[in-house]
Each structure stands twice: as C-alpha cells, then as structure tokens.
Amino acid sequence: MRYKRLYPISQSDVYDQTSGLIFQTLDKGLFLEKKRHTKLSAMISKRFFRRLGCCYFSLYSQPSLLYHFRNFSLWSMRKDLVLESALSRNRRWIVNNQIKNIILRYPNQVAPLKHLQKKFKTLDLQGKALNWLRKYPCCFEVYLENDEYHCRLTKRMMHLVEEEESVKDMQEPVFVQKLAKLLMMSMNQRLNVMKLNELKHSFGFPDDYVIRILPKYPDMFRLVNSSWRKSSMEIELLAWSPDLAVSAVEASAQKQGLEPCFSCSLPSTWVKSWQRFQEFNAIPYISPYSNSRGLEEGSKEMEKRIVCVVHELLSLTLWKKLSIVKLGHFKREFALPVKLNVLLLKHPGIFYVSNKYQIYTVLLRESYNGPELVHKDPLVIVKNKFGELMQEGLHEYNQSRYLVNLEKKRNGMNLVKAVRRKDGRAEMSDQDDSGDKLGGLFDPEERKRFYKVLFDEGAP
C-alpha cells in the first residue's frame, strides 16, 4: 500500500515545548490511508486539527494549566542517597509516638483496646490494634482484665516519657525564644494557633505550649481572638527583642568575624549549581527579621529575603527539615511566594527537596554531616532513645515469631512423617491380608475339598 502524509510537519516549525510534543507525536504516527480515501481523510483531518487548535488555544489561555503541563517535573531533584537515608524516619516511629500520646491522655495512663482500635483509623492503620501493639513488647504492655483488653506503657517507656518531660521543663526558655523569633519574622507579629499547631512538634513545642508558656510571659505574648472562634485564635508579640533578631547565619558569621553569607555543601562536580550559588551569594544578606514591605516582588532582593526566612525557619526546627505543604500554610504570615517549591529547587546548594514517603520535605544541607545531624537537640536525643527501644521490641517480636514458625514447621514435618509411616503400615497390612486369601487355595484341607467336588462322581 502507498500512503500519503496529510501535513508535512517538521520540528523546526515548532516554537513551543507543548506544541512540539504534540506535533512530534503527529509527525510519527499521522498518515492517510489509500488514495481513494483522500477526501474522507481530509475531512476527518480538518476536524481533528480544528479540535487541536481549540485545545492549543485553551491551553495557552489558562496559564496555571500550562504551568502544570510544562513543569510536571518541577519537583524532581537529583537524589542524594546520604540525605535520603537521613530522611528515612520510620513511619512506625511516628505512629507509635502518636499511640503513646493517646495512652498518656487516659486516666492512669491505661487505654481500653477497643478505644485504641477506633483511633487506628485516624492513624491510617489497618488490621487489629492488638496485633500491632504486640509487635512492640518493650513499649506497650497489653493485658486482659474483666474480659477486656487494656494497654499501658512499659516501665522503660514511662522512664523515657519522664526524661522527655524533664528535658522540656529545662528547655522552656528555648521554647520562649523560638516562639518569639517566629512572631518577629511574621508580617504583623501574629501567628494563628491552629496553623502553628501543625508545626509544634517540628519546633519541639510541647502539646500544651499555649497554657504552659503564655501565662508565664504576659509581657511578651498574648492571645488575640477577634471573632471568638477557635480557628481565629492568634498569638501576638508584645515586646520586640533586638537580641533575638539575629539569624543563625548572622550568629555564625559573628563568631567567625565574617560577613553573613550562606554555605554550600554541593560536590565540586556540580559546576553550574556552584556558579548559580556564587551569583546568588554575592547579593547582600537580608535579615529574615527585617521588614519586607520595601522590597519589590519578584526582585533578586525579595528572593534573597525569602531564602533567608526559610533558612531561619529550618534552623529553628529539631531535625532541620519541614514539610513544604505545611510551610506553605504560612505564605501570608512570612510573605512566601505561591510557587515556593520552584524557589527551593533553584537553590540546591542550600536546601534539599525530597519526596520520600510521598511527602515533599525541604531539608537544610549544612545541618547534616552525612546522614547525621551536626548538632543534636536534647529532645532529639531522647526521641532517638524511643526509636531504639521500639526497634528492640520489634526485633524481639520477630525473633519470637521466627522461633514459633520454626517449631510449627518442625512439628508439621514430624506429623507428615508419622502419617507416611501410618500409611506404609496400612499398605503392608493390606498386602498381608490379600496374601492370606490367595494362600488359602494351597491349604491341604482346602485342596482336598476342591478335588473332592471336582472329581466326586456323586457330586451334582
């Protein structure tokens, strides 16, 4: 068969990436059928290109749709296996930490198992709570009382809880400074309590930080609720402290006697990234505690200020990392851009963006030496002990299950052997029985009776 191309398409005629992708596909696969179908094919192709033009126009008439179409890979970043291992916080640790907090809220720190089973849906867990808790015998103790299962923390676990509470009590001045710094970076020195609760564990704040901290420092903080709704409750800063308005970059530069600037920990082979970092670092450092109202949106100075704010926010966290989605909730308070992810990916020498566990996370590169933190907060040390205790319990559970399965396997093999022996003996007895029946013909008495019947003349 001979085919005729409907429309000569070349890639040089395409000026846009989107249209280039469309026309490349057409160039490869769009051909007409036989010559006798030229008229019909032309009519079909006319309708097709009309629809294609409408799609092309609608695509360019909606910038947001075009943006997502073009930049579907904007989240991608060259993976750093060392930092990926640092981000591999076990999801089991997070779930067990939440279960621990749930149990501590119950009277006498004892929770009925049926109540924990209902909470499992909120923890995105499936299956029975009893099976999950039994996997961590070093953390949780399950017992039966009045025909109902209950769960409480083990003695070792309670010891860690008490140690964590003592560390929080000692670090209360640190929490006050962190809260003051967050309010000083915000536009109006106010932060919504509901939004701040999403990041309280990242900054190390206790669950009751509003009740624990604010009443003790009435000269620094106060609660504001204009509409008398829980969602509109805000914390306001009353006193500005110049001593606290010093970022981590500025404090490090003062110790070294240098001008404040960022550090880059990228490999030397990343030549283009190093060039972009040096160009960006040449812009004068802008304090995240300074007022940004005089900066023009989209300018290099505004970008510098945003990077400084994100850097300072990450430096205040325990693990020097934050969820980008949760960080985006503070766009209005910290004057962050709408496309925050795009800005972070432009600075791989300062930040590392990962999608591990399908959670987009930004991490501060300079705070890590390999997979470990350079400076560990006392709360991080206590929480790591909890993770070690959890892994110890899980290892103990796996070992016990392995021994039980091994014993079952041995018992099963012995049972199979016993059944085979029994079947073999039954076959032998059947053979013996059949042999006795056949051998009866050769019995002397039986043979006499046989011949008597065969040759006896009086026999009928």
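Everything numeric here is computed off the predicted structure, so don't read it as measured data. Along the sequence shown, residues carry numbers from 1.
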Lys128/Asn131 under side chain to side chain donor-acceptor pair (under 3.5 Å): CA gap, chis, key distance, verdict
CA-CA 6 Å; Lys128 294 183 178 180; Asn131 296 338; over 6 Å; no

Out of curiosity, [X] [atom1] to [Y] [atom2], how far, rounded to the nearest 0.5 Å?
X      : Y      : atom1 : atom2 : result
Leu318 : Lys376 : CG    : NZ    : 12.5 Å
Lys118 : Ile102 : NZ    : CD1   : 13.5 Å
Phe330 : Leu182 : CZ    : CG    : 8.0 Å
Leu196 : Leu191 : CG    : CG    : 6.0 Å

Using the test salt bridge (charged side-chain N to carboxylate O under 4.0 Å, His left out), find all partners of Arg332 that sit at least two apart in sequence or belong to another chain.
none

Aromatic Phe386 / basic Lys100 pairing, under 6.0 angstrom, 45° off normal:
yes

Salt bridge check: are [X] and [Y] linked by an N-O gap of less than 4.0 Å?
X      : Y      : result
Arg156 : Glu392 : yes
Glu165 : Arg212 : yes
Lys195 : Glu333 : yes
Lys320 : Asp377 : no
Lys385 : Glu164 : no

Side chains of [X] and [Y]: does their closest heavy-atom pair fall under 4.5 Å?
X      : Y      : value
Pro137 : Glu396 : yes
Phe175 : Ile213 : yes
Phe221 : Leu238 : no
His150 : Ile103 : no
Cys151 : Leu116 : yes
Trp319 : Ser367 : no
Val307 : Phe280 : yes

Listed partners of Arg134 passing side chain to side chain donor-acceptor pair (under 3.5 Å), at least two apart
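With sequence neighbours excluded, Arg134 shows a side chain to side chain donor-acceptor pair (under 3.5 Å) to no residue whatsoever.
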
If the plane angle is over 60° it's perpendicular, under 30° parallel, otherwise tilted; pick one for Tyr136 and Phe140.
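Ring orientation of Tyr136 relative to Phe140: perpendicular.
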
Using only heavy-atom distances, determine whether the side chains of Ser247 and Tyr285 contain a donor-acceptor pair under 3.5 Å.
yes

Going by atom types alone, do Tyr289 and Lys181 pair a side-chain donor with an acceptor below 3.5 Å?
yes

Among Arg222, Arg229, Arg190, which one satisfies salt bridge (Lys or Arg N to Asp or Glu O under 4.0 Å) with Glu234?
Arg190

Show your working on side chain to side chain donor-acceptor pair (under 3.5 Å) between Glu163 and Ser166 and close with a plain yes or no.
CA-CA 5 Å; Glu163 184 179 353; Ser166 64; over 6 Å; no

Applying ring-ring contact (aromatic ring centres under 6.0 Å, His included) to Tyr368 and not counting sequence neighbours gives none

Check for me whether the distance between the ring centres of Phe277 and His347 falls short of 6.0 Å.
no

